[in-house]
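Note that this is a predicted model, so its numbers are computed, not measured. To find a chain, count down the sequence lines: A is the first, B the second, and so on, and within it residues start at 1.
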Amino acid sequence: MATKSKDYNFLEIEPHWQSFWDKNHSFRAESSTTKPKYYVLDMFPYPSGSGLHIGHPEGYTATDIVARYKRAQGFNVLHPMGWDAFGLPAEQHAVKTGTHPSSNTQNNIVNIKRQIKALGFSYDWEREIDTTDPKYFRWTQWIFLQLFKKGLAYVDKRPVWWCPELRTVLANEEIVDGKSEVGGFPVERRNLRQWVLRITAYADRLLADLKDVDWPDSTKRMQEAWIGRSEGAEVQFDLEDKSHGPLKIFTTRPDTLYGCTYMVLAPEHPLVDPLTTPGQKSAIDAYRKKAAGKSDLERTDLAKDKSGVFTGAYAINPINGARVPIWVADYVLMGYGTGAIMAVPAHDDRDYEFAQHYSLPIVQVIAASEAETKLPYTGDGKLVHSGPYTGLDWPEAKKRITADLATKGAAKATVNFKLRDWLFSRQRYWGEPFPIVWLNAADYARAIAKRTGDVPATPVTFTSEGVTHYALPLPPSALPLELPDVQSYLPSGNGESPLANETSWLEIWFNVDTGAAVPASNPCPAGDVWVRGRRETNTMPQWAGSCWYYLRFTDPKNSQAFASQEALKYWGVPDLYIGGAEHAVLHLLYARFWHKVLFDLGEVPQSEPFTKLFHQGMILGEDGEKMSKSSGKGVTPDAVIASHGTDTLRLYLMFLGPLEAQKPWNPQGIEGVHRFLQKIWRECLDVEGAVNPKVSDDPSVDSTELIKLLHETIKKVGENIETLRFNTAISQMMIFSNAVQKAPAVSRATMLTFLQVLAPFAPHIAEELWERLGGAGSILRAPWPKYDASKLVNDSVKLVFQVNGKHRGDQLVPINLPQDEALALARGNAKVMPHLEGKTLKRVIYVPGRILNIVVE
RNA sequence: GCCCGGGUGGCGGAAUGGUAUACGCAACAGACUUAAAAUCUGUGCUCCGUAAGGAAGUGUGGGUUCGAGUCCCACCCCGGGCACCA
């Protein structure tokens with residue numbers, strides 16, 4: 001039932017149709033159907049306290065248009081929404097107020113959900129998910145256990161930001177200018193026990209499979225760069241003092257070995273201490289201390305001012321026996337390669353700078369091109385000063401030198417990745433608890449006797465103060481492991497999360513069969529299945545929940561599995577995924593990793609999670625600057641909905657420019673699309689709200705031009721939705737509505753068809769006018785109109801006459817006019833004639849129906 | 001420094017190698033109105049010209065082509081990302 005609104009009262013119309021869709025479950029994805037599926041997904045939001053930003057509805061409108069279009073085309077569409085609700089702000093709020101982060105999170109969800117619903121998106125709310133819901137994170141924990149079982153999770157000490165004043169670990173974003181964001185206290189790097197996921201085991205496949213996905217090239221390249229594969233060789237240099245064994249380095253340029261004039265160790269390299277001669281010890285110690293105190297940021301800032309200290313030790317170059325001094329410098333990182341390099345100052349910018357600074361020798365071994373004779377030379381060339389290899393092209397020399405050294409056992413070809421294993425734990429409260437209990441060696445041995453099949457081949461252990469602890473997973477039947485209530489959300493103060501203070505939850509008698517627990521302060525229950533354990537106090541990072549949520553949407557209420565095999569088989573992975581480019585690397589890489597693990601386990605049928613990806617561009621402030629919270633320039637969707645309606649907002653966001661472009665927000669532009677909708681309203685209805693008398697039941701009132709334009713519009717809008725070019729789709733609809741306005745009459749059928757084309761963009765006004773013009777049922781159920789190609793052809797067309805490529809005139813001519821006739825017309829054209837006078841015709845280019853170019857001397 | 005984008009009227013932008021500036025905003029003029037708003041009609045979007053018309057023109061310089069905003073080379077500027085990765 002439509003409203004009785006006389007004029008375009010969007011404040012009445014929009015809520016009316018939203019509740020109509022709600023009541024009719026209009027957007028429910030069907031679970032048993034023979035229809036083809038289409039799965040279109042938004043990157044789900046973090047429910048922040050400040051609510052929806054204008055950037056959110058941009059991407060959401062784009063996916064909603066696609067979803068509505070695909071439904072009209074007969075697809076069974078899955079278009080879900082949920083909440084990525086673990087996260088730092090809720091935890092900080094809890095620390096400040098002492099209330100449980102869950103209550104704050106739920107309040108935020110209520111607010112942001114209200115905002116999203118007011119936009120009229122066609123989400124299937126019955127599939128809503130929340131990553132903080134134990135029914136959801138039960139499966140996040142379950143997936144972690146699969147990684148654990150496969151040996152892809154381990155525990156290690158890793159450096160994190162530590163604030164001695166606040167006695168807490170800080171995230172990168174909690175540090176501003178090298179100080180804590182809260183209080184401005186100094187911070188330092190500190191090694192803490194962390195869970196790490198072995199994403200590097202998938203580096204090759206994460207790289208190779210990028211070729212199979214339809215993603216923006218820039219995003220693929222960013223992932224490639226992040227994975228950072230490089231081929232080279234690990235080369236062994238003997239040390240002059242053989243008691244410390246050989247020194248291994250990684251190089252991508254073994255062909256430049258003859259140019260190695262010194263070596264560099266990272267300050268953290270284990271050989272630094274043993275190698276340093278007594279005379280250099282104090283200088284080295286001072287340098288290491290300084291380097292250790294530096295943040296990565298400071299090390300980066302000093303990029304242009306290389307520093308280092310000589311250890312006093314020498315190595316022997318395996319290729320020519322040369323004696324090479326060994327230095328320590330912080331431009332070499334312990335985390336990449338072997339933490340040691342051979343320096344070739346003639347052919348590496350950093351080595352050159354360092355050698356210049358410390359007056360180390362520079363030996364050129366690659367002949368520079370004639371154009372570029374300055375050192376350092378990093379280009380291609382043939383080898384010089386390189387013994388038997390002199391004269392070889394460098395790629396050939398690289399192979400030969402590596403192979404020759406390999407026969408002596410002094411080198412092996414290797415591949416290195418920049419990608420590091422993923423630090424997967426946080427010393428926080430508000431995250432998924434790890435379903436892990438730490439046991440002593442004897443209890444672990446007893447436990448795994450009963451628990452074959454869900455522990456890794458090599459136990460995950462951690463040694464502290466001489467005692468080794470063994471990680472035993474909870475049995476899957478004991479999931480979810482929920483967060484206990486805590487007295488305080490403040491961290492423990494010793495580097496552990498607030499969970500470390502909850503002794504009765506932490507220190508337990510643990511039933512290795514069932515996962516049941518009893519506080520350790522109680523007597524140990526009877527039976528041989530009970531062992532003394534301590535729970536893991538770390539929680540998972542926010543990424544965990546977002547790594548697999550797209551799978552849960554296919555079967556969100558399943559309590560037997562993260563999703564049923566039938567659901568996974570039918571829905572598969574999203575056909576279209578839209579979200580911000582800020583997630584180009586981390587979220588997308590982590591999700592791909594988890595997906596591939598699940599694929600290897602046979603849990604999902606495809607090897608890649610997101611076949612087609614698109615990034616919406618950022619909406620900038622009116623001044624073209626970023627809209628930031630601090631600048632107070634944020635435009636809220638709520639305000640625009642109140643003043644112009646959501647149909648206008650949706651249309652405007654799409655009309656601003658190409659979806660992927662960064663676009664400034666211009667409030668005056670909103671009026672333009674709002675007028676467009678009002679115009680459509682007036683063409684359909686008169687001032688009393690009755691059908692406009694110019695709308696006729698007689699189809700013959702439509703001019704040929706109007707019919708042609710209608711079919712052009714159907715074609716163009718459909719094509720533009722497919723290619724996500726919504727701005728030009730809207731232009732086309734404006735052209736059509738302008739034509740209708742100028743026409744003395746329009747047929748009801750034409751108007752209804754136009755409303756169908758408009759419906760994905762402005763669904764509320766389309767439903768309203770559809771019903772008031774007598775359209776059958778909801779416009780959602782009307783099949784997408786097909787254009788008639790025969791209506792698009794013209795009998796005559798404007799042919800452009802050019803002389804020497806310059807537009808000189810044009811004329812309406814029959815389509816497929818032969819060239820000689822076209823040429824005759826052009827020669828007779830009053831505007832073209834003067835440009836031909838006295839000239840010799842050299843050539844004629846004729847593109848029928850388009851252009852006739854006369855080339856004259 | 002490297003890697004990605006991008007530079008078109010006053011503004012947002014459009015343009016399979018084929019009429020540059022569609023569509024919209026803003027501006028100006030006119031109609032309607034007592035008036036305003038709304039709506040409608042029209043105008044131009046640089047320069048010369050009263051006009052008809054002509055010339056120039058898509059960051060700069062060159063090139064390919066009958067024809068270049070579009071392809072190639074070099075450069076300038078703006079935005080974003082990454083960064084001592086051996």
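- Put simply, Gln802(A) has no side-chain N or O that comes within less than 4.0 Å of OP1 or OP2 on C66(B).
- Contact annotation for Ser218(A): backbone-only contact, meaning every heavy-atom pair under 4.0 Å involves sugar-phosphate atoms and none involves a base.
- The nucleotide A83(B) finds no pairing partner, because no Watson-Crick or G-U wobble arrangement with both distances shorter than 3.5 Å includes it.
- For the pair Arg221(A) and G5(B), the criterion of a side-chain N or O lying under 4.0 Å from OP1 or OP2 is met.
- Taking the C1' atom of each, G5(B) and C40(B) are spaced 42 Å apart, rounded to whole Å.
- One finds a side-chain N or O of Arg725(A) lying less than 4.0 angstrom from the OP1 or OP2 phosphate oxygen of A15(B).
- Tyr331(A) and Ser307(A) are not linked by any side-chain donor-acceptor pair at a separation below 3.5 angstrom, with hydrogens and angles left out of the test.
- For U16(B), its base sits under 3.5 Å from the side chain of Arg850(A) at one donor and acceptor pair at least.
- No side-chain N or O of Thr61(A) forms a donor-acceptor pair with one of Tyr652(A) less than 3.5 Å apart.
- A sub-4.0 Å separation between OP1 or OP2 of A26(B) and a side-chain N or O of Asn666(A) is absent.
- Side-chain nitrogen and oxygen atoms of Lys742(A) include at least one within less than 4.0 Å of the OP1 or OP2 phosphate oxygen of U41(B).
- Across all strands shown, U60(B) pairs with A74(B); the Watson-Crick or G-U wobble distances both stay below 3.5 Å.
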Can you list, pair by pair, the side-chain donor-acceptor contacts under 3.5 Å of residues 732-742 of chain A, counting residues two or more places apart and other chains?
unit_1: Gln732(A); atom_1: NE2; unit_2: Thr713(A); atom_2: OG1; d: 3.2
unit_1: Ser737(A); atom_1: OG; unit_2: Met734(A); atom_2: O; d: 3.0
unit_1: Asn738(A); atom_1: OD1; unit_2: Lys679(A); atom_2: NZ; d: 2.7
unit_1: Asn738(A); atom_1: ND2; unit_2: Met734(A); atom_2: O; d: 3.4

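- Inspection of the Asn317(A) and Tyr258(A) side chains reveals no N or O donor paired with an N or O acceptor under 3.5 Å.
- Annotated as syn: G9(B), whose O4'-C1'-N torsion sits within 90° of 0.
- In this model, the phosphate group of A14(B) is approached by a side-chain N or O of Asn727(A) to a distance below 4.0 Å at OP1 or OP2.
- Counting only distance, with no hydrogens or angles, the side chain of Lys806(A) and the backbone of Asn804(A) share no donor-acceptor pair below 3.5 Å.
- Nucleotide A29(B) has U41(B) as its partner under the Watson-Crick or G-U criteria, with both atom distances under 3.5 Å.
- Judged by atom type and distance alone, Lys842(A) does not reach the base of C66(B) through any side-chain donor-acceptor pair under 3.5 Å.
- Residue Arg843(A) places at least one side-chain N or O under 4.0 Å from the OP1 or OP2 atom of C66(B).
- Each of Gly805(A) and Thr219(A) lies near RNA chain B, and the nucleotide nearest Thr219(A) is the one positioned closer to the 5' end.
- Regarding contacts with the backbone of C25(B), a side-chain N or O of Arg675(A) is found under 4.0 angstrom from either OP1 or OP2.
- Using a 3.5 Å distance cut-off with no hydrogens or angles, the side chains of Thr256(A) and His347(A) do not pair a donor with an acceptor.
- Scanning residues 715-724 of chain A for heavy-atom distances under 4.0 Å to RNA chain B yields an empty list.
- The stretch residues 413-422 of chain A participates, sequence neighbours left out, in no salt bridge (Lys or Arg N to Asp or Glu O under 4.0 Å) pair at all.
- Closest to the Arg808(A) side chain, of the nucleotides A14(B), A55(B), A86(B), is A55(B).
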